[in-house]
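Right, one structure below, let's go through it.
Count residues from 1 along the sequence.
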Amino acid sequence: QVQLVESGGGSVQSGGSLRLSCTASANITVNYCMGWFRQPPGKQREGVATIDSDGSTSYTDPVKGRFTISQDRAKNTLYLQMDSLKPEDTAMYYCAIEAPISALWLCEAGYRFVNWGQGTQVTVSS
């Protein structure tokens with residue numbers, strides 16, 4: 001099973017930016033779906049963005065236009081560029097992967113990922 005390690009979290013003021021990284025322990029050669037999720041304090045985990053092995057992306061409404069998901073397959077790394085951060089973006093951020101995925105059209109925030117990283121904390125102050 002591929003191991004995922006997130007990094008890049010931290011504290012930033014409202015309006016600032018952060019870039020999260022998620023590095024996989026192995027090169028993935030099959031169709032896959034990867035995603036970013038977050039869990040705000042006292043709330044349930046929620047989807048943020050997904051990307052599949054073809055490079056197709058999806059975003060949930062709260063982050064559209066502010067966050068960008070991308071990947072560097074040569075480095076086995078997934079990224080989340082977060083701009084115009086708001087206090088409500090404060091959360092533990094997790095990456096997840098499904099490899100192989102039976103069909104790429106399944107790759108979206110509601111997919112039931114089972115392979116998760118440990119998370120990285122993002123705190124946005126007003």
4.5 Å side-chain heavy-atom contact, Val30 and Ile28: yes
For the student: nearest non-hydrogen atoms of Arg66 and Asp89, plus distance: NH1-OD2, 2.7 Å
Plane angle bin for Phe113 and Phe37 - parallel if under 30°, tilted between 30 and 60°, otherwise perpendicular: perpendicular
Under 3.5 Å: donor-acceptor pair, side chain of Thr60, backbone of Gly47: yes
Residue pair Leu4 / Met34, side-chain heavy-atom distance below 4.5 Å: yes
Between Asn115 and Glu98, a side-chain donor and acceptor under 3.5 Å: no
Expected output: side-chain Asp54 to main-chain Ser56 donor-acceptor under 3.5 Å: no
Check against side chain to side chain contact (heavy atoms under 4.5 Å, CB included), Val122 and Leu18: CA-CA 9 Å; Val122 172; Leu18 283 173; 3.9 Å; yes
Backbone of Ser11 reached by a side-chain donor or acceptor of Gln121 within 3.5 Å: no
Polar side-chain atom of Arg38 near backbone of Met92 as donor-acceptor pair, under 3.5 Å: no
Whether Ser25 side chain and Gln3 backbone form a donor-acceptor pair below 3.5 Å: yes
Separation between OG1 of Thr57 and CD of Gln71, rounded to the nearest 0.5 Å: 10.0 Å
Residues Ser17 and Asp83: side-chain donor-acceptor under 3.5 angstrom: yes
With Asn31, the side chain to side chain contact (heavy atoms under 4.5 Å, CB included) member among Ser53, Cys107, Ser102, Pro100: Ser53
Main-chain N/O of Gln118 paired with Glu6 side-chain donor or acceptor, under 3.5 Å: yes
Euclidean distance, Leu80 CG relative to Ile51 CD1, rounded to 0.5 Å: 10.5 Å
Approximate separation, where rounding is to 0.5 Å, of Ser7 OG and Tyr79 OH: 9.0 Å
Flag, side chain of Thr23 to backbone of Thr77, donor-acceptor distance under 3.5 Å: no
Side-chain H-bond candidate by donor/acceptor type, Tyr59 with Glu108, under 3.5 Å: no
Check: Gly8 main-chain N/O paired with Ser21 side-chain donor or acceptor under 3.5 Å: no
Side chain proximity check, Cys22 to Val5, heavy atoms < 4.5 angstrom: no
Between OH on residue Tyr94 and OG1 on residue Thr120, distance to nearest 0.5 Å: 10.0 Å
